[in-house]
Each structure stands twice: as structure tokens, then as C-alpha cells.
Amino acid sequence: MARSISTRRSQILNALVDKLKDIDGSGDYRTNLAKQVFPTMKFWDEIDTFPAIHLSAGTETREYYGGGQKWRFLTVTIRGYVNQEDPIEGLCLLLEDIEYVLDEHPQFTYLDSYGTAGVAQITVVSIDTDEGVLAPLGIGEMIIEVRY
């Protein structure tokens, strides 16, 4: 039996990484990540292969309802890195691809020690870029909230 108070931070990050690795430049995707998607955060000076995406789990909150029911909300930072002549355009395409994946899989499943569980909703909270300050490098950030 699953614990009612347990968190699924790393399992959700790993499932998101698996989904984002589908960004391969084919079909509807405009960026080829070559599977450069990781469930750990790195700073831009530590990245040596572009484009790349790194994820980090942030604050987790709960909403309690009667009868022992509750929702968990996990904030996830998705940071994308590009290195190209027009980094703003590269970031726009990369962020569009990330949002496309999230829109296509708003209720994905993940594995935990008790079996398969599911995410109820993903909400994009904010999207931001460095606006070309580090050209030809570019850093974009998407903050999402995962309800499970």
C-alpha cells in the first residue's frame, strides 16, 4: 500500500526527462536535442553539448480536502541551453518544443516503488530567456507546476 504522505519528486522528473527526450528534430519538433535532457541542474559554463535541457524539482505544496483527499503540487524548473548564431530564435524553437511535449502529455504516468501512478495536470507558470545577453549562447527557463 502506498504512503499517503510520500513525494514523487525524482520519479516525476525522470518521467519528464523521458518525454522531453522525444524532441529529436523530426515531425512536429523544430529542435534536435540528441537526448541531451537531464534531471539535474547545471550552470551554463558547465554545459558543453548544445542544445541541452536540465530539470530541477523545486517547491512542493499540498492542498487538503475532506476525507483524506489531497493534491500535491510540484514546481519544476526546465532550463534550456543553446549555442548558435541567433540564440533567441533557437530558444524560441526549443521552448516551443518543450511546451508542445507538455501539451501532448498533460497526464503522463510515472513509476514509483508502488507501481504506476499518474500526473493530473501540468501548468506552465512562466517562460523567460536571457534575451541574447550571452550570444551566441542562450539560456531559457520554463517554470511548470505539476499536479499529482
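Grouped by direct or indirect side-chain proximity (heavy atoms under 4.5 Å, Ile/Leu/Val/Met/Phe/Trp/Tyr only), Val125 sits with Ile143. Under the 4.5 angstrom side-chain criterion for Ile, Leu, Val, Met, Phe, Trp and Tyr, the cluster partners of Tyr65 are Trp71, Phe73.
Listed by first and then second residue, the salt bridge (charged side-chain N to carboxylate O under 4.0 Å, His left out) pairs that reach into residues 83-97 are Arg30-Glu96, sequence neighbours excluded. Sequence neighbours left out, not one pair with a member in residues 114-129 passes salt bridge (charged side-chain N to carboxylate O under 4.0 Å, His left out). Applying the side chain to side chain donor-acceptor pair (under 3.5 Å) test to pairs two or more places apart or on separate chains, those with a residue in residues 130-143 are Arg79-Glu141, Thr129-Glu131.
Listed by chain and residue number, Asn32 satisfy the side chain to side chain contact (heavy atoms under 4.5 Å, CB included) test with Ala34 (two or more places apart in sequence, or in another chain). In this view, Ala117 and Tyr110, Asp112 satisfy the side chain to side chain contact (heavy atoms under 4.5 Å, CB included) rule, not counting sequence neighbours. For Ser56, there are no side chain to side chain donor-acceptor pair (under 3.5 Å) partners two or more places apart in sequence or in a different chain. Every residue meeting the side chain to side chain contact (heavy atoms under 4.5 Å, CB included) condition with Ser26, not counting sequence neighbours, appears here in chain and number order: Asp24. In this view, Phe38 and His54 satisfy the ring pair (Phe, Tyr, Trp, His ring centres under 6.0 Å) rule, not counting sequence neighbours. Shown here are the ring pair (Phe, Tyr, Trp, His ring centres under 6.0 Å) partners of Tyr29, two or more places apart in sequence or in another chain: Tyr100.
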With a 3.5 Å cut-off and sequence neighbours excluded, list the donor-acceptor pairs that the side chains of residues 46-53 form with protein atoms.
| from | atom 1 | to | atom 2 | distance (Å) |
| --- | --- | --- | --- | --- |
| Glu46 | OE1 | Phe43 | N | 2.8 |

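No donor-acceptor pair closer than 3.5 Å links the side chain of Arg9 to the backbone N or O of Leu74.
Between the side chains of Tyr148 and Glu60, at least one donor N or O lies within less than 3.5 Å of an accepting N or O.
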